[in-house]
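As structure tokens, the structure follows; a few thoughts come after it.
Bear in mind the structure is a predicted one, so any value in this text is a computation, not a measurement. Below, read A as the first sequence line, B as the second, and so on, with proteins coming before strands; counting in each chain starts at 1.
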Amino acid sequence: MEITDVNENEEKKSLNFIEQLVENEIKEGKHDGRILTRFPPEPNGYLHIGHAKAIYVSFGIAEKFGGKTNLRFDDTNPEKEDEEYVEAIKEDIKWLGYEWEGEPKFTSDYFDQLYTWAQELIKQGKAYIDSQSSEEMAKQKGTPTTPGTASPYRERSTEENLELFERMKNGDFEEGTHVLRAKIDMAHDNMHMRDPLMYRIINAPHHRTGDTWHIYPMYDWAHGESDYIEGITNSLCSLEFEIHRPLYEWFVENIKDGEYQPLQTEFSRLNLNYTVMSKRKLLQLVEEEIVSGWDDPRMPTISGLRRRGYTPKSIRSFIDTVGVSKRNNIIDVALLESSVKNELNKTVPRVMAVLDPIKVIIDNYPEGETEWLDAENSQEDESLGFRKVPFSREIYIEREDFREEANKKFFRLKLGGKEVRLKSAYFIKGESVEKDADGNITVIHATYDPLTKSGSGTEESKRKVKGTLHWVSAEHAIDAEVRLYDRLFMDENPDGHKETNFKEFLNPDSLKVITAKVEPYLKDAKHDDKFQFQRKGYFVVDKDSTADKLVFNRTVGLRDSWKK
RNA sequence: UGCCCCAUGGUGUAAUGGUAACACAUCGGCUUUUGGUGCCGCUAUUCAAGGUUCGAGUCCUUGUGGGGUAACCA
């Protein structure tokens, strides 16, 4: 039974508030039942798990109600944006399993239309060129409790406005000398309505339009009009744009030609504990080389999660379970982890890898002999079959799986204690240890019971044992680099402290690189192959892995209910 | 301080005026050739006060708490 399948789940689940709204619109025949949403990233950074929610919401609504979704790059600020990000964003969306309608769109495709509309607003007396400094304008804006005052340029003549506007476009002016503002209401309760900026001068080349333009539209002016141009029905965005909605509507109402108008609806963004989600802070981690890049497996980016071993399905099911509402939230990262464990548990083969090896010599096992034992690949999926695992006199086990002395709660290997099972092999007993000059154990001596071979069906092999250990044959084991990742921050809400910089909370142990001994079966493992290292967790082959040197990333550890 | 939004177990989300539920987390038990998985169970929830109603988590009022907002960013 596929209980994790997102779509199957959705049929049983109640609709979220946006889905209810859209359902009602369709019932009422709005837009003739047509649904077109859009996902509008700014190409100034990589997508993160928060964007995955935005993608899920916009693409998901369209999927659910037979609509489509446009991908539109909101590229109105050439100083921050870059083509590199455009490609990375497209790749991430595709990887998540979504398809946008037609070709990707760019707000810059609409610069001409936007410019024409702006000229019309000027002609209608609804926009004007202001030639003050930003400081002066900020002063005139007033405060929430006191109305603003009019700019001395507010009543400039249409002719002068038009001429200045054209010269701004052509690059006749320095940055900061003039702006185009909408003429709305300097006393409005909503500060965004106090004659907001529509255009500013930026004399920098744009990644798509080159040096054609010297003015660039502001978000509020560009966004709603782009939605309008594309025929978007539902413009879904996060809560901080709620207060922009009256402006979004004012702009569209003043350029529209007919009944059609897109509707903006806001929902709360996704926040995860023990990480940061702002692009600015993520960029800082990248630039200061605190992480290895946008796709560092500790990053909450889509590319980071991918490299960490997350699957598109697990991310989608995670977003599905966290839901969509208007409440501020901080979601426990354990929920994200449980979604990937839940999927990997069912799909991924088990192998044996010893992360912190200590040698065990089985004194009564014949020297020089190797047996190739059958090991089950998955207890959850029989179709994954069996593989051969070599067994010999000298093996490695996990250092923490042995104690010279321990209480009854410790049911792993100890001296003079009960026998333990070597997974898919034999039962052994701890006999003695060798130590170096400092008293550290260097070798454990054990004996095995030849009648207890796994799968042999003998009475002896059916004896109840409390402990089962994973192991690898010393002679056959291969070395692999294993990167053990932990949360990047030690604080649940690293950017939630006004007096403390988020970097103060960085976890010094967020990455540990070790050399593990893994079974030879893994020799041919390829980039992105995923495994469960028995009793240790889920691991994925990193892109740094080569034929000569295997590299694994730990996606997530297994639940460990053993209280030490 | 004005305006806007939000308030359900530890976390997140449902209940659409009619028995407050689900997932994750926690704790306990059973099963198990992974101290994994699976199964069973425990603990724990409607911010407060009024009002409307036969009946309020849901509607109304006030209060309280949290968040957003006054960029030539998006």
Side-chain angles (χ1 to χ4, degrees), chain A residues 13-17 20 40-42 44 74 76-77 79-81 130 133-134 137-138 141-148 175-181 188-194 197-202 215-216 218-220 222-223 237-246 266 268 270 273 279-280 318 320-339 341-342 345-346 350 352 375-376 378-380 409-412 421-425 427 454-455 461-462 464-470 492 532-537 557-564:
Chain A
K13 274 181 61 174
S14 53
L15 300 180
N16 67 47
F17 79 102
Q20 290 176 31
E42 184 186 13
N44 68 343
D74 214 349
T76 57
N77 188 347
E79 288 172 326
K80 287 187 176 176
E81 295 150 7
D130 202 334
S133 68
S134 57
M137 283 188 277
K141 209 144 200 188
T143 69
T145 43
T146 57
E175 291 184 10
T177 53
H178 305 280
V179 291
L180 183 71
R181 298 177 74 177
H188 204 285
D189 279 339
N190 182 336
M191 299 290 286
H192 292 276
M193 299 295 272
R194 320 248 262 224
L197 267 62
M198 294 172 66
Y199 278 97
R200 77 289 211 195
I201 297 168
I202 299 177
I215 54 172
Y216 291 89
M218 302 291 292
Y219 168 83
D220 288 300
H223 199 86
C237 61
S238 49
L239 245 29
E240 68 268 32
F241 293 102
E242 202 158 29
I243 201 158
H244 293 246
R245 196 186 333 135
E266 311 83 13
S268 56
L270 171 68
N273 59 9
K279 271 197 215 171
R280 215 195 86 247
F318 165 69
D320 190 55
T321 49
V322 303
V324 181
S325 75
K326 296 188 74 157
R327 285 190 238 174
N328 300 309
N329 58 73
I330 300 181
I331 289 155
D332 193 339
V333 69
L335 190 54
L336 212 211
E337 294 175 345
S338 80
S339 75
K341 280 191 267 192
N342 189 34
N345 174 49
K346 290 186 210 130
R350 273 71 171 158
M352 293 195 284
E376 192 178 14
S378 174
Q379 288 66 34
E380 302 296 316
K409 291 271 181 112
F410 182 85
F411 36 86
R412 279 112 103 138
R421 183 196 307 277
L422 293 175
K423 178 79 183 172
S424 304
F427 294 178
S454 284
S461 71
K462 291 175 186 165
K464 292 284 177 201
V465 286
K466 209 65 163 118
T468 298
L469 309 188
H470 61 281
E492 273 200 55
Q532 185 195 103
F533 287 179
Q534 201 95 218
R535 304 208 300 139
K536 285 283 133 187
L558 258 27
R559 194 162 78 100
D560 184 1
S561 59
W562 182 54
K563 285 136 294 237
K564 285 163 204 180

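Base contact: A:Ser134 has a heavy atom under 4.0 Å from a base atom. Counting non-hydrogen atoms under 4.0 angstrom, A:Glu175 reaches nothing in the nucleic acid. Using a 4.0 Å heavy-atom distance criterion, A:Asp189 is classed as a base contact. Residue-level contact check: A:Arg327 touches the bases, meaning some heavy atom is under 4.0 Å from a base atom. If you check every strand for non-hydrogen atoms under 4.0 Å, A:Gly455 touches a base. Note on A:Val179: a base of the nucleic acid sits closer than 4.0 angstrom, heavy atoms only. Nucleic acid contact for A:Lys326: sugar-phosphate only, since backbone atoms but no base atoms lie under 4.0 Å from a heavy atom of the residue. Using a 4.0 Å heavy-atom cutoff across all strands shown, A:Ser424 reaches at least one base atom of the nucleic acid. As judged by a 4.0 angstrom heavy-atom cut-off over every strand, A:Glu380 is placed among the base-contacting residues.
Using cut-offs of 30° and 60° on the angle between ring planes, the pair A:His244 and A:Tyr219 is perpendicular.
When RNA chain B is scanned 5' to 3' for any atom under 4.0 Å from a heavy atom of chain A, the first and last hits are B:U1 to B:A74.
With a 3.5 Å ceiling on both atom-pair distances, B:A70 lacks any Watson-Crick or G-U wobble partner. In a base pair of the Watson-Crick type (N1 to N3 plus N6-O4 or O6-N4) or a G-U wobble (N1-O2 and O6-N3), with each distance short of 3.5 Å, B:C42 is matched with no nucleotide. Across all strands shown, B:U64 is found opposite B:A7 as a Watson-Crick or G-U wobble partner, with both distances under 3.5 Å. Pair assignment for B:G35 gives none, since no Watson-Crick or G-U wobble pairing has each distance under 3.5 Å. With both pairing distances under 3.5 Å, B:U16 is matched to nothing as a Watson-Crick or G-U wobble pair. In this structure B:C59 sits in a base pair with B:G51, meeting the Watson-Crick or G-U test at under 3.5 Å.
Summarising the geometry of A:Arg181 relative to A:Arg194, their closest heavy-atom pair is NH2-O, 3.5 Å, with the distance given to 0.1 Å. Among all heavy-atom pairs drawn from A:His188 and A:Met193, the shortest one is CG-CB, 3.4 Å. Minimum interatomic distance between A:Glu266 and A:Arg245 (heavy atoms only, all atoms of both residues): OE2-NE, 2.7 Å.
B:A56 and B:G18 have their P atoms separated by 11 Å, given to the nearest Å. Taking atom P on both nucleotides, B:G66 is separated from B:U61 by 22 Å, rounded to a whole Å. For the P atoms, the distance from B:G2 to B:A14 is 31 Å, rounded to whole Å. A gap of 42 Å separates the C1' atoms of B:C5 and B:C40, to the nearest Å.
Considering only heavy atoms from C-beta on, A:Met218 stays 4.5 Å or farther from A:Thr76 through its side chain. With a 4.5 Å cut-off on side-chain heavy atoms, A:Asn77 and A:Arg200 count as touching.
Judged purely by distance below 3.5 Å, without hydrogens or angles, the side chains of A:Asp74 and A:His223 pair a donor atom with an acceptor atom. No side-chain N or O of A:Asn44 forms a donor-acceptor pair with one of A:Arg280 less than 3.5 Å apart.
Of the two residues contacting RNA chain B, namely A:Ser133 and A:Lys409, the nearest-nucleotide position lying further toward the 5' end is that of A:Lys409. Each of A:His223 and A:Gly323 was matched to the nucleotide of RNA chain B holding its nearest heavy atom; the match closer to the 5' end belongs to A:Gly323.
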